[in-house]
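Report on the following structure.
Values reported hereafter were calculated over all heavy atoms of this structure, with side chains retained and with hydrogens, waters and symmetry mates removed. Chain letters run A, B, ... following the sequence lines, proteins first, then strands; residues in each count from 1. Only a predicted model underlies this, so the values are computations on that prediction, with no experimental measurement involved.
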Amino acid sequence: MPELPEVETIARQLRGLVVDRTISEFESRWVRLTEPEPAEVVGARLRGRRISDVRRRGKFVVFDLDGGEALVVSLRMTGKLLYGVEDVDERYVRGEIRFEDGTALRFSDTRKFGRMAVIDASTLDGNGETRRPKMPLHASLGQEPLARGFTVAWLRALLRRRPRAAIKVLLLDQRAIAGIGNIYAIEALWRARIHPLRKAGSLRADEIARLHEAIRWALRKGIRLGGASPSDYVDARGNKGRMQREFQVYARAGEPCPRCGRAIVRSVVGGRGTFHCPRCQRVPRA
DNA sequence: CACGGTGCCTGCCGGC
DNA sequence: TGCCGGCAGGCACCGT
């Protein structure tokens, strides 16, 4: 499940691999891959375009194209972007971008949740403030947590704006902060010693500062270790990450908390599996 | 608007 | 051994 560190890893690799290459052909092998746009329309917009940069915005991989447009790829749960990988399982290849030099970038996605679209690159620039009903997610992404703008003061203001939301639900809201997924939200809350169900508006100043530091710590560690591969994730070269070895609480129900030794508890918050230490992360007083 | 529930998908795993 | 329900979870979508 690619989150910010995994997508960052992929984008950095691809930047060194496909920048300056010109697209000669786009092939879709899954009818919903480019939905709601037909694959032929996307193909027509990609053909002949040179990739000028590859970057990450939230959990999206962004391929900037000459002319101000960009190809955005949402990997969702099991999406992979593979370049120069030999043993690709053809059953799960949902799309392919071929280049004029004969090389190809392949999109593999077991569960078919991933999507691709060609968009106006400028729609990625906002910080969530432009959100409107029915606006696509990529056009209303929130603050980048590793950017300079993500300060303790900014986080405090966000929590004040959404005081009733459970803190974990808020961390996962891509329109608030872009890029945090279930794993890194869980790890950050554990490090900050904050219970996932705490109301955002109830956090004290010292807790907000700890959370700010913990978010950056978790994400940077994930990037440094090449992402987390508890199951499916591989980078653009087909290699697994190493962050899964460093999980403190994620998927560790029943195991001792690395900080205090108490058994880690699994629960469900916002519909997703959640892990926390019942001693380090106190239950919010009901 | 915010919030909660459901569907999308497939592989995997535990129970019988 | 084989079948089947449940689970994984990011996000769109829908109802309240």
Side-chain angles (χ1 to χ4, degrees), chain A residues 1-8 10 28-37 56-61 72-81 88-95 107-117 119 124 128-142 145 158-187 189 196-201 219 222 227-234 240 243-244 247 249-254 266-275 284:
Chain A
M1 33 205 121
E3 307 180 21
L4 186 153
E6 290 74 32
V7 178
E8 181 68 29
I10 292 168
S28 171
R29 299 188 199 167
W30 163 239
V31 282
R32 301 185 61 183
L33 178 63
T34 58
E35 170 174 276
E37 207 85 82
R56 176 195 61 75
R57 175 75 172 101
K59 300 178 200 172
F60 291 86
V61 182
V72 293
V73 179
S74 172
L75 301 169
R76 287 292 238 289
M77 300 298 297
T78 55
K80 306 168 171 59
L81 283 167
V88 177
D89 192 332
E90 290 294 327
R91 289 177 298 168
Y92 307 125
V93 175
R94 311 302 181 191
F107 182 68
S108 162
D109 186 14
T110 322
R111 290 169 67 178
K112 298 179 173 174
F113 284 174
R115 295 291 183 269
M116 289 185 181
I119 60 148
L124 292 163
E129 73 279 1
T130 52
R131 54 204 275 201
R132 270 180 272 123
K134 297 200 81 175
M135 178 180 276
L137 178 59
H138 63 71
S140 54
L141 291 168
L158 170 67
L159 303 202
R160 266 203 286 257
R161 227 180 302 137
R162 304 278 304 277
R164 298 164 63 84
I167 187 60
K168 189 196 173 207
V169 172
L170 186 52
L171 294 183
L172 292 175
D173 184 348
Q174 302 300 300
R175 290 171 167 84
I177 305 172
I180 301 175
N182 202 37
I183 290 174
Y184 293 93
I186 287 167
E187 294 291 308
L189 287 169
L197 281 175
R198 286 280 299 280
K199 296 297 178 203
L219 296 175
S229 303
S231 50
D232 296 86
Y233 167 75
V234 293
K240 287 180 176 294
M243 177 67 183
Q244 66 280 5
F247 289 159
V249 287
Y250 180 82
R252 292 193 177 282
R266 182 189 188 278
S267 64
V268 176
V269 177
R272 282 105 127 190
T274 300
F275 302 86

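Between A:Arg175 atom CZ and C:dC13 atom P the separation is 10 Å, expressed in whole Å. To the nearest angstrom, C1' of B:dA2 lies 15 Å from CG of A:Leu158. A straight line from NZ of A:Lys199 to P of B:dA2 spans 14 Å, rounded to a whole angstrom. Taking atom CZ of residue A:Arg266 and atom C1' of nucleotide C:dG6, one finds them 11 Å apart after rounding to whole Å. Atom CZ in A:Arg161 sits roughly 11 Å away from atom P in B:dA2 (whole-Å rounding). Rounding to whole angstrom units, CG of residue A:Asp173 and P of C:dC11 are separated by 10 Å. The distance from atom CG of A:Leu172 to atom C1' of B:dG4 is 15 Å, rounded to the nearest whole Å. Atom CZ in A:Arg272 sits roughly 14 Å away from atom C1' in B:dT6 (whole-Å rounding).
Within the 4.0 Å cut-off from OP1 or OP2 of B:dA2, not a single side-chain nitrogen or oxygen of A:Arg164 is found.
Counting any heavy atom pair closer than 4.0 Å across all strands shown, A:Gly270 reaches no nucleic acid atom. Residue contacts shown for A:Tyr184 are absent, as no nucleic acid heavy atom lies under 4.0 Å away.
Side-chain contact check for A:Tyr184 and A:Glu6: at least one donor-acceptor pair (N or O, by modelled atom type) lies under 3.5 Å.
Out of B:dC3, C:dA8, C:dC11, the shortest distance to the side chain of A:Gln174 is found at C:dC11. Here the nucleotide nearest the side chain of A:Arg162, chosen from B:dA2, C:dA12, C:dA8, is B:dA2. Proximity note for A:Asn182 (side chain, C-beta onward) versus C:dC7, C:dA12, C:dG10: the nearest is C:dG10.
In terms of heavy atoms, A:Ser74 sits closest to A:Phe107 at O-CZ, 4.2 Å. Summarising the geometry of A:Ile180 relative to A:Glu3, their closest heavy-atom pair is C-OE1, 4.1 Å, with the distance given to 0.1 Å. When every heavy atom of A:Asp89 is checked against every heavy atom of A:Arg91, the shortest pair comes out as OD2-NH2, 2.7 Å. Closest non-hydrogen pair, A:Lys80 versus A:Leu75, comes out as N-CD2, 4.0 Å. Contact record, A:Phe275 with A:Tyr250: CD1-CA, 4.0 Å, taken as the closest heavy-atom pair. A:Ile186 and A:Gly273 get closest at one heavy-atom pair: CD1-O, 3.6 Å.
Counting non-hydrogen atoms of neighbouring residues, nucleotides and ligands closer than 6.0 angstrom, the CZ atom of A:Arg164 reaches no more than 12 such neighbours.
Each end of the helix from B:dA2-C:dT16 to B:dC16-C:dG2 gets its own rotation axis from five pairs of C1' atoms, and the angle between them is 50° to the nearest 10 degrees.
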In B/S/- notation, 5' to 3', how is nucleotides 7-13 of chain B contacted by protein heavy atoms closer than 4.0 Å? -BBBS--
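Between atom CD1 of residue A:Ile10 and atom NZ of residue A:Lys59 there is a gap of 13.0 Å, rounded to the nearest 0.5 Å.
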